[in-house]
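The basis for the numbers below is simple: all heavy atoms, side chains too, and nothing from hydrogens, waters or symmetry mates. In each ligand, atom 1 is the first atom listed, and ligand 1 is the first ligand listed.
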Amino acid sequence: MSDHSVLGKFKPMSQLNKTTKKSYIELNNNEVSSLIKELDESQFRVQQIQNWVFDHYVETWDAMENLPIHIRDKLSARLPLHPLEINYITDSENASTQKILFQTQNGYPIESVLMYDQKRTTVCISSQVGCAVDCKFCATASMGFIHNLSTGEMVDQVIHLQRQSKTKITNVVFMGMGEPFLNYRRVIKAAEILNKKMGFGARRITISTAGIVPKIRQMAEENHKYKLAISLNATNELSRERIMPLTNTYTLKSLMDSAHYYYQKTRRLITFEYVLLKDINDSPNDGERLLVLLESLPCKVNVIPYNEIGGSYNRPSENTINAFLDSLKHAPFTVTVRWSKGTEIDAGCGQLAVHGDI
Ligand code: SAH
């Protein structure tokens, strides 16, 4: 787990207050208009402020140079600009990954990851503080569920990361801490702001779920164009139940039914993620079962060799990983392998966790 010994600022989570002042990032267009009206200023200021925030990613009201000082003063007396503050940044050795620890206004810690690739710059953002889903191989599970992030707190991760980033962010994935579909409404709203106000194409925004079946159906019905990823990780009920206890509530069968429903309704391919765990789900037989499970559904598969979190699981050897991939050689779906970035700084998939007693 990460070394957070530098984080003197954080209070134990049990002592945090639960209410906050709404920040500018959380306001919708009508709310921004009313705010400007209440301050007795002209409406063209709305667009100026939007540009500073969503195109220039400024940190303070004071940085908005074309706003008269009296307006900046009124605004800063009235509300905070950002709901998040950067607390600490960890760089990977080869500088391809940065892990950013934020603090919400009411003091909760959350982590996001910035990853540079040749063609892409991706940010992985959190949707909750902690997580209730309790997947046995994921570090966030050890925090338990603490708090749902607001829409603004999700969007603000991207704004801060864009300011940090050497290059333009091209992709946003909701794959950090938390289960996005247990915070569905706010996550969809955040995706909408990223799409409409920040200019991220819908297909460059991915929402990943552990398998909250009713929300997969809802996303299909509401016809959102964001990419959907499902963390599958097993090929039969029993083995999935062992590593993902939510299978007790949402069976593998009901999950696959919802995935078929999603495809029929939207004609968009789902990406199934499959964390490869040594001696648990990594044999060629598992590969063959995966093939049977998915062959009638147009989709993609992303194999993620397990990242260490100090528990009882291990990453399979390279030979085993290759044999597993080999068993999928003739699959009708595309298979990719995600060698997570930033594992040495605990920024890989499933490694994000911050504990309250730091
Ligand atoms: N709750 C959501 C998003 C967060 S997890 C979900 O389950 O999809 C993002 C991805 O990381 C998931 O596919 C998950 O299966 C994977 N993951 C979790 N722990 C991991 C670990 N220790 N090593 C590799 N991948 C992991």
Subject >> Parallel, tilted or perpendicular: ring planes of Tyr108 versus His147, cut at 30 and 60 degrees >> reply: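 If you compare the ring of Tyr108 with that of His147, the planes turn out parallel.
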
Subject >> Geometric class of the Phe137/Tyr313 ring pair [parallel <30°, tilted 30-60°, perpendicular >60°] >> reply: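 Perpendicular: the ring planes of Tyr313 and Phe137 meet at over 60°.
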
Subject >> Identity and distance of the protein heavy atom lying nearest atom 19 (N) of ligand 1 >> reply: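 Protein heavy atom at minimum distance: Gly350 CA, 3.0 Å.
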
Short N/O distance, under 3.5 Å, between [X] and ligand 1?
X      : answer
Phe137 : yes
Cys349 : yes
Glu273 : yes

**OP:** Can you sort out which atoms of ligand 1 are near Tyr306, meaning under 4.0 Å from one of its heavy atoms?
**Re:**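 Counting from 1, the qualifying ligand atoms are 21 (C), 22 (N), 23 (N), 24 (C).
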
**OP:** Would you mind running through ligand 1 and noting each atom that sits below 4.0 Å from a heavy atom of Thr209?
**Re:**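 Taking each heavy atom of Thr209 in turn, ligand 1 has 6 (C), 7 (O), 8 (O) under 4.0 Å.
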
**OP:** Verify whether the ring centers belonging to Tyr274 and Phe324 lie closer than 6.0 Å.
**Re:**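 Yes, close enough.
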
**OP:** Decide if atom NZ of Lys278 counts as having more than 12 heavy atoms of other residues, nucleotides or ligands within a radius under 6.0 Å.
**Re:**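 It does not: Lys278 NZ has 12 such atoms or fewer within range.
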
Original post:
What is the minimum heavy-atom distance between Pro109 and Leu101, and which atoms define it?
Top reply: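 Closest approach of Pro109 to Leu101, heavy atoms only: CB-CD1, 4.2 Å.
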
Subject >> Cation-pi geometry met for Arg217 and Tyr261 (6.0 Å, 45°) >> reply: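 Yes - Arg217 lies over the ring of Tyr261, closer than 6.0 Å to its centre and within 45° of its axis.
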
Subject >> Proximity of Ile304 to ligand 1 by residue part, where a heavy atom lies under 4.0 Å >> reply: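 It is the side chain that touches ligand 1; the backbone stays farther off.
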
**OP:** Compare Ser208, Ala141, Cys124, Ser231 and give the one whose heavy atom is closest to atom 3 (C) of ligand 1.
**Re:**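 Minimum heavy-atom distance to atom 3 (C) of ligand 1 goes to Ser208.
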
Original post:
Could a heavy atom of Gly176 be found less than 4.0 Å from some atom of ligand 1?
Top reply: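 For ligand 1, residue contact (heavy atoms, under 4.0 Å) with Gly176 is present.
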
**OP:** Consider ligand 1: state whether an atom of it lies below 4.0 angstrom from any non-hydrogen atom of Gly178.
**Re:**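 A heavy atom of Gly178 does come that close to ligand 1.
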
**OP:** Have a look at Arg315 and tell me which of Thr343, Asn307, Thr320 forms a side-chain hydrogen bond (donor to acceptor under 3.5 Å, both in side chains) with it.
**Re:**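 Exactly one option meets the side-chain hydrogen bond (donor to acceptor under 3.5 Å, both in side chains) with Arg315, and it is Asn307.
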
